[in-house]
Number of protein chains: 2
Amino acid sequence: MHIDYDLLITYGGIAKKISKGEIVFSENSIPRYYYQVIEGSIKIYSSNKQGKELIQDIYTKGQSFGEPPLLLNKNYLISAEAQEDSVIVVLKKENFLQILNEHNDTQQNLIKDLAERVYNNTVAAQILANPLPEEKIIKFLNQLIDKNIITKNTPIPYTRQQIANHIGLRVETVIRSLNKLQQEGKVKIINRKLHYL
Amino acid sequence: MHIDYDLLITYGGIAKKISKGEIVFSENSIPRYYYQVIEGSIKIYSSNKQGKELIQDIYTKGQSFGEPPLLLNKNYLISAEAQEDSVIVVLKKENFLQILNEHNDTQQNLIKDLAERVYNNTVAAQILANPLPEEKIIKFLNQLIDKNIITKNTPIPYTRQQIANHIGLRVETVIRSLNKLQQEGKVKIINRKLHYL
DNA sequence: CGCTCGTTTGAGAGGACTCAAGGTAGGTGG
DNA sequence: CCACCTACCTTGAGTCCTCTCAAACGAGCG
């Protein structure tokens with residue numbers, strides 16, 4: 001989802017700096033705002049009892065996040081945290097709903113965007129349910145390519161830990177699996193930078 | 001998502017009988033229709049290389065399914081199969097889009113519905129990523145309660161196999177975990193029927 | 001009675017996880 | 001320019017537990 005910056009401001013949206021590591025909203029809290037990234041990146045995640053973090057999504061420039069609970073009047077199930085110093089626009093819920101009402105194209109954008117998230121979640125579920133670490137990784141990388149986040153033969157901008165948190169594995173397992181994948185010629189590791197072939 | 005039956009018919013929707021086990025659409029095929037359940041239940045699932053089935057959703061009376069790929073012009077990533085003898089309405093894509101255009105309330109319903117699916121997927125991801133079988137089961141049961149599919153102290157209408165396919169485990173593991181949960185007093189098994197306490 | 005489908009139990013193997021210890025690169029400050 | 005720090009990566013050894021495979025039991029039904 002993306003709403004024109006000027007429109008957001010017109011309806012009372014406010015740009016806000018968020019430092020790396022700062023929390024935008026957290027699990028169980030009540031949604032009150034619509035959020036859209038102007039600069040930087042926001043990580044959406046949840047943690048289980050053992051403290052293991054599951055990254056559910058990462059939003060960057062131009063993308064909004066956290067609408068579903070806002071629209072459904074339910075509490076957040078996930079937390080949002082800045083992965084780097086970022087800027088976001090914050091818009092009161094009422095004003096967001098007003099934009100939706102008064103601009104029909106916004107509704108259509110929202111539909112497209114939500115449909116895309118459902119679609120992506122389908123893939124994510126298949127990755128998480130897959131019992132083989134190497135297949136998980138390959139599917140994860142394929143997904144990143146589909147989403148235009150990475151391209152083949154260029155360094156992948158994720159740490160081993162981040163990959164692990166995306167697909168539900170431990171760092172060590174990711175490292176060992178990447179080694180196997182390299183032997184199979186599916187990825188290449190050039191001084192620690194991971195490349196997908 | 002739910003569209004009024006008469007409206008569907010007005011726009012050219014056709015009711016269709018689907019026998020148990022019959023496929024409505026399958027992975028990799030091209031979406032051409034909007035589907036809505038009239039009677040029975042449709043299972044949405046995908047299978048991995050090892051033939052293990054992952055149930056992603058089950059839709060019943062009044063619910064539609066399969067819109068995201070339809071709206072995004074992408075191929076299905078999942079298959080849809082009747083779990084029992086069912087009746088669905090099939091509506092051509094163009095006509096579905098026309099309904100969306102000409103009935104603003106439909107758009108809003110669609111938004112709500114998609115938001116709900118994203119929300120549910122968030123929970124599903126947490127379940128799939130959880131490494132402990134017993135926690136998976138408990139979270140799964142809690143989700144069924146939230147969705148009003150089951151209530152406490154009544155028999156749960158799922159086979160062990162179905163539960164396993166929902167949460168990414170093997171039947172045997174589900175059975176053994178249920179025994180532990182019974183010992184902990186969290187569920188009760190009355191001649192094979194599972195009850196959540 | 002004899003299918004068929006779902007449930008259950010046992011034994012064994014494999015592999016992800018855990019824990020612990022080092023290694024390496026890039027940045028910072030003296 | 002070098003020493004140091006920190007974050008990330010890597011390796012090893014051992015445990016645990018899910019999965020696999022095989023077999024059998026129970027319930028419902030024609």
Side-chain angles (χ1 to χ4, degrees), chain A residues 20-21 43 47-55 81-85 127-140 155-184 187-195, chain B residues 20-21 43 47-55 81-85 127-140 155-184 187-195:
Chain A
K20 174 174 180 171
K43 172 178 75 177
S47 306
N48 68 11
K49 284 180 192 161
Q50 298 86 46
K52 202 167 105 185
E53 173 181 298
L54 173 67
I55 300 179
E81 176 186 325
Q83 275 202 321
E84 53 191 305
D85 289 353
I127 293 173
L128 290 173
N130 195 305
L132 303 177
E134 290 153 57
E135 285 191 18
K136 288 178 112 143
I137 294 176
I138 291 297
K139 286 191 179 192
F140 175 65
I156 291 166
Y158 286 95
T159 66
R160 312 289 193 256
Q161 184 66 61
Q162 286 174 320
I163 295 175
N165 290 351
H166 268 281
I167 63 186
L169 290 176
R170 308 258 77 160
V171 206
E172 297 93 331
T173 305
V174 170
I175 289 169
R176 291 189 248 258
S177 301
L178 285 177
N179 287 337
K180 286 189 203 163
L181 287 172
Q182 176 162 229
Q183 283 168 22
E184 295 169 16
V187 303
K188 193 179 263 179
I189 299 169
I190 302 167
N191 65 6
R192 300 185 160 199
K193 299 292 178 201
L194 178 61
H195 299 245
Chain B
K20 174 174 178 171
K43 172 178 75 178
S47 305
N48 68 11
K49 284 181 194 159
Q50 299 85 46
K52 202 167 106 183
E53 173 180 297
L54 173 66
I55 301 178
E81 175 187 327
Q83 273 204 322
E84 53 191 305
D85 289 353
I127 292 172
L128 290 172
N130 196 306
L132 303 177
E134 291 153 57
E135 285 190 19
K136 286 178 113 139
I137 294 176
I138 291 296
K139 285 191 179 190
F140 175 64
I156 291 166
Y158 286 95
T159 66
R160 312 291 194 253
Q161 184 66 62
Q162 286 173 321
I163 296 175
N165 290 352
H166 268 282
I167 63 185
L169 290 177
R170 308 259 75 160
V171 206
E172 299 93 329
T173 306
V174 169
I175 289 170
R176 292 189 248 259
S177 302
L178 285 176
N179 288 338
K180 285 189 204 165
L181 287 172
Q182 176 163 229
Q183 283 168 21
E184 295 169 17
V187 304
K188 193 179 264 180
I189 300 170
I190 302 167
N191 66 4
R192 300 186 159 199
K193 298 292 178 201
L194 179 60
H195 299 245

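Note on naming: letters A, B, ... go to the chains in the order of the sequence lines (proteins, then strands), and numbering restarts at 1 for each one. Just so you know, these numbers use all the heavy atoms, side chains as well, and skip hydrogens, waters and symmetry mates.
- Nucleic acid contact class of Asn191(B) (heavy atoms, under 4.0 Å, all strands): none.
- The CD atom of Glu134(B) sits 10.5 Å away from atom CG of Leu169(B), with the distance rounded to the nearest 0.5 Å.
- In this structure, a donor-acceptor pair under 3.5 Å is present between the side chains of Asn165(B) and Gln161(B).
- Counting heavy atoms from C-beta outward, Ile189(A) and Asn179(A) have side chains that approach closer than 4.5 Å.
- Rounded to an integer number of Å, the gap from NZ of Lys193(A) to P of dT10(D) is 11 Å.
- The CG atom of Leu169(B) sits 11 Å away from the P atom of dT20(D) (whole-angstrom rounding).
- Within the nucleic acid shown, Arg160(A) comes within 4.0 Å of sugar-phosphate atoms alone, with no base atom in reach, counting heavy atoms only.
- Taking every side-chain heavy atom of Arg176(A) into account, dA13(D) is the closest of dA16(C), dT10(D), dA13(D).
- Regarding contacts with the backbone of dC9(D), every side-chain N or O of Asn179(A) stays at 4.0 angstrom or more from both OP1 and OP2.
- In this structure, Pro131(B) reaches neither bases nor backbone, as no heavy-atom distance under 4.0 Å exists between it and the strands shown.
- Counting to the nearest Å, the P atom of dT18(D) and the CG atom of Leu132(B) are 8 Å from each other.
- The CD atom of Glu172(A) sits 12 Å away from the P atom of dT10(D) (whole-angstrom rounding).
- In this entry the distance linking NZ of Lys136(A) with P of dG15(C) reads 15 Å, nearest Å.
- Nearest-nucleotide positions on DNA chain C place Tyr158(B) closer to the 5' end than the other of Lys180(A) and Tyr158(B).
- Counting to the nearest Å, the C1' atom of dC21(D) and the CD atom of Gln50(B) are 16 Å from each other.
- Considering only heavy atoms from C-beta on, Leu194(B) comes within 4.5 Å of Arg160(B) through its side chain.
- In this structure, Lys193(B) contributes its side chain and Pro155(B) its backbone to no donor-acceptor pair below 3.5 Å.
- Residue order along DNA chain C, read from the 5' end via each residue's closest nucleotide, puts Arg170(A) first among Arg192(A) and Arg170(A).
- Remark: P of dC9(D) and CD of Gln161(A) are 8 Å apart, rounded to the nearest angstrom.
- In this entry the distance linking CD of Gln162(A) with P of dC9(D) reads 8 Å, nearest Å.
- The phosphate of dT18(D) has neither OP1 nor OP2 within less than 4.0 Å of any side-chain N or O from Thr173(B).
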